[in-house]
Amino acid sequence: MDTYSYFTDGAATMINVNGKYIRKAGGWAFIQFKNGERQTQQKGGCKQTTNNEMELYAIYASIKHFQDNSTQTDKMEIYTDSGYCIGIYTQWVKNWEKNGWKKSNNKPIENRRLIKKTWKLINNIEENHPKITFIKVKGHSNNQLNNEVDKLAVEAKKTAEKTGETIGYNQQPDSILEN
């Protein structure tokens, strides 16, 4: 049994124009370890997004990577500085699914398409693997790996700003990133 650990992060720029937020470019990244040994990293982005979407996509991409590279007995750990993402997959998503993907106040879930795709991957993995563990790390602090993955996400954001390209998992375009 191997343990796959993923440090994930997202970055995006939004500007306030007359009280309305306008989406700009964003980037996502993960750094992957197997049994404590660094294996690989990935990053990408898109020209119009939010920070939450990029945080969510980094988790989505890391789960896809785990699914593509692990065996049935392997464990997965996801390290993120996003309390929002951890809350989604450890507290809220089951109720949202039961409520037709709506919040308790009957309002639609933001980022629903990405959350649903990620939730489906999580369920598929957990049918055959031990449970995925989410671990909260403090962002922009002395956590070296969180700082490094943040830097990768910011680099990816800058690339998306310059090129206008959408880069998803395995450096491929991904329609889930297009609005």
Next on the checklist: Is there a path of hydrophobic side-chain contacts, each under 4.5 Å between heavy atoms, that joins Tyr6 and Ile125?
Outcome noted: yes

Next on the checklist: For the backbone of Leu177 and the side chain of Glu53, can you confirm whether one donor and one acceptor N or O come within less than 3.5 Å of each other?
Outcome noted: no

Item to check | Check: Asn52 and Glu110 side chains under 4.5 Å, non-hydrogen atoms | outcome: no

Checklist entry - Rounded to the nearest 0.5 Å, what separation is found between the CG atom of Leu145 and the OG1 atom of Thr8? => result 11.5 Å

Item to check | Inter-residue atom distance Gln48.CD - Lys24.NZ, 0.5 Å rounding | outcome: 8.5 Å

Checklist entry - Say you draw a straight line from CD of Glu37 to CD of Gln32; how long is it, rounded to the nearest 0.5 Å? => result 10.0 Å

Item to check | Side-chain donor or acceptor of Asp150 paired with backbone N/O of Asn146 under 3.5 Å | outcome: no

Next on the checklist: Can you confirm whether Lys157 sits close enough to Met54 that some side-chain heavy atom of one is under 4.5 Å from a side-chain heavy atom of the other?
Outcome noted: no

Checklist entry - Are the side chain of Asn170 and the backbone of Gln172 linked by a donor-acceptor contact shorter than 3.5 Å? => result no

Checklist entry - Given the rule that I, L, V, M, F, W and Y join up when any side-chain heavy atoms are under 4.5 Å apart, are Ile115 and Phe30 in one cluster? => result yes

Next on the checklist: Quick check on Lys136: does its NZ atom have over 12 non-hydrogen neighbours (other residues, nucleotides or ligands) under 6.0 Å away?
Outcome noted: yes

Checklist entry - So how far is it from Asn95 CG to Glu97 CD, rounded to the nearest 0.5 Å? => result 10.0 Å

Checklist entry - So, for Leu152 and Ala29, which heavy atoms are closest and what is the spacing to 0.1 Å? => result CB-CB, 3.6 Å

Next on the checklist: Within the supplied structure, the quantity of interest is the number of heavy atoms (other residues, nucleotides, ligands) at a distance under 6.0 Å from Asn16 CG; does it exceed 12?
Outcome noted: yes

Which side-chain N or O atoms in residues 73-92 pair as donor and acceptor under 3.5 Å with protein atoms at least two apart or in another chain?
residue: Asp74; atom: OD1; partner: Asp2; partner atom: N; Å: 2.9
residue: Asp74; atom: OD1; partner: Thr71; partner atom: OG1; Å: 3.2
residue: Asp74; atom: OD2; partner: Thr71; partner atom: N; Å: 2.7
residue: Asp74; atom: OD2; partner: Thr71; partner atom: OG1; Å: 3.1
residue: Glu77; atom: OE1; partner: Ser5; partner atom: OG; Å: 2.6
residue: Glu77; atom: OE1; partner: Tyr79; partner atom: OH; Å: 3.2
residue: Thr80; atom: OG1; partner: Ser82; partner atom: N; Å: 3.0
residue: Ser82; atom: OG; partner: Cys85; partner atom: N; Å: 3.0
residue: Tyr84; atom: OH; partner: Asn111; partner atom: ND2; Å: 3.0
residue: Thr90; atom: OG1; partner: Ile86; partner atom: O; Å: 2.6

Checklist entry - Just wondering, do Trp119 and Ile122 contact through their side chains at under 4.5 Å, heavy atoms? => result yes

Checklist entry - Thr166 and Cys46: which non-hydrogen atoms are nearest, and at how many Å? => result OG1-CB, 3.7 Å

Item to check | Polar side-chain atom of Tyr4 near backbone of His65 as donor-acceptor pair, under 3.5 Å | outcome: no

Item to check | Asn105 atom CG, over 12 foreign heavy atoms within 6.0 Å | outcome: yes

Item to check | Sidechain-backbone polar pair: Gln171 side chain, Lys43 backbone, donor-acceptor under 3.5 Å | outcome: yes

Checklist entry - Can you name the closest pair of heavy atoms from Thr50 and Ala12 and give their distance? => result C-CB, 3.4 Å

Checklist entry - Linking I/L/V/M/F/W/Y whenever their side-chain heavy atoms sit closer than 4.5 Å, directly or via other members, would Met14 and Val154 fall into one cluster? => result no

Next on the checklist: A side-chain contact here means heavy atoms from C-beta on lying under 4.5 Å apart; do Asn124 and Lys120 qualify?
Outcome noted: yes

Checklist entry - Same cluster or not: are Ile59 and Val149 linked, directly or through other Ile, Leu, Val, Met, Phe, Trp or Tyr residues, by side-chain heavy atoms under 4.5 angstrom apart? => result no

Item to check | Test item: Lys103 and Trp96 side chains (from C-beta on) under 4.5 Å apart, heavy atoms | outcome: yes

Item to check | Closest non-hydrogen atom pair between Lys138 and Asn143, with its separation | outcome: O-CB, 4.3 Å

Checklist entry - Taking ILVMFWY side chains as joined if any heavy atoms are under 4.5 angstrom apart, and letting links pass through other members, which residues group with Ile15? => result Val17, Ile22

Next on the checklist: When you measure from the side chain of Tyr169 to the backbone of Gly44, do you find a donor-acceptor pair of N or O atoms at a distance under 3.5 Å?
Outcome noted: no

Next on the checklist: Contact between Thr159 and Lys162 at the side-chain level, heavy atoms closer than 4.5 Å - yes or no?
Outcome noted: no

Item to check | Distance-minimising heavy-atom pair for Trp28 and Ala61 | outcome: CZ3-CB, 3.7 Å

Next on the checklist: When you compare the side chain of Gln144 with that of Asn147, does any pair of heavy atoms fall below 4.5 Å?
Outcome noted: no

Item to check | Minimum heavy-atom distance between Lys64 and Leu121, given as atom pair plus value | outcome: CG-CD1, 3.5 Å

Checklist entry - Only one of Ile63, Leu56, Asn123, Val93 clears side chain to side chain contact (heavy atoms under 4.5 Å, CB included) with Thr118; which? => result Ile63

Checklist entry - Between atom OG1 of Thr49 and atom CD of Glu55, what is the distance when rounded to the nearest 0.5 Å? => result 10.5 Å

Checklist entry - Which distance, rounded to the nearest 0.5 Å, do you find between the CG of Leu114 and the CD1 of Ile109? => result 13.0 Å

